[in-house]
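Model, not experiment: these values are computed from the prediction. Just so you know, residue 1 is the first one in the sequence shown, and it goes up from there. What's counted below: heavy atoms across the whole structure, side chains too, no hydrogens, waters or symmetry copies.
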Amino acid sequence: MIKKFFKSIANYCKLCYDELVHKTTWPTRAELTHSAMVVLSASLIIALVVFAMDSVFRFVMSVVYPG
């Protein structure tokens, strides 16, 4: 029972290794750089939108609740 369990784990690891080494298509450096720039740009845009919304909300709240 235990021997079968460890054999199945070893088989699973071998299959995972085989898939990662032989069947997976890894992106090129240019593709990774492009993807990183897209994520960085989107994050910056979202941060600016949240900052603008926070500033507007703070201004509205200061008008509604002065002091």
Side-chain angles (χ1 to χ4, degrees):
M1 177 81 173
I2 292 177
K3 192 174 186 179
K4 183 179 178 183
F5 176 72
F6 285 119
K7 188 175 181 178
S8 66
I9 289 177
N11 188 36
Y12 175 76
C13 290
K14 287 177 188 177
L15 290 173
C16 287
Y17 176 79
D18 183 54
E19 185 167 345
L20 282 173
V21 171
H22 302 293
K23 298 178 184 176
T24 303
T25 303
W26 297 100
T28 63
R29 186 174 192 89
E31 291 172 334
L32 284 175
T33 303
H34 180 263
S35 296
M37 287 307 199
V38 168
V39 169
L40 185 62
S41 301
S43 298
L44 183 61
I45 291 170
I46 291 170
L48 290 173
V49 167
V50 169
F51 175 75
M53 291 171 56
D54 183 54
S55 298
V56 168
F57 185 70
R58 187 178 332 137
F59 173 74
V60 169
M61 293 309 289
S62 69
V63 169
V64 172
Y65 300 109

Would V64 end up clustered with V56 when hydrophobic side chains under 4.5 Å apart are linked, directly or stepwise?
yes

same_hphob_cluster(V60, Y65) at 4.5 Å side-chain heavy-atom cutoff
yes

Is the backbone of F5 close enough, under 3.5 Å, to the side chain of S8 for a donor and an acceptor to pair up by distance?
yes

What distance do S41 atom OG and I46 atom CD1 have between them, rounded to the nearest 0.5 Å?
11.0 Å

Rounded distance [0.5 Å steps], CZ in F51 versus CG in L44
12.5 Å

Tell me the side chain to side chain donor-acceptor pair (under 3.5 Å) pairs involving residues 12-23, sequence neighbours left out?
none

Please step through side-chain contact (heavy atoms from CB on, under 4.5 Å) for the pair W26 and L20, ending with a clear verdict.
CA-CA 9 Å; W26 297 100; L20 282 173; 4.0 Å; yes

Apply salt bridge (Lys or Arg N to Asp or Glu O under 4.0 Å) to R58 and list each qualifying residue two or more places apart in sequence or on a separate chain.
D54

Flag if over 12 foreign heavy atoms under 6.0 Å of CE, M61
yes

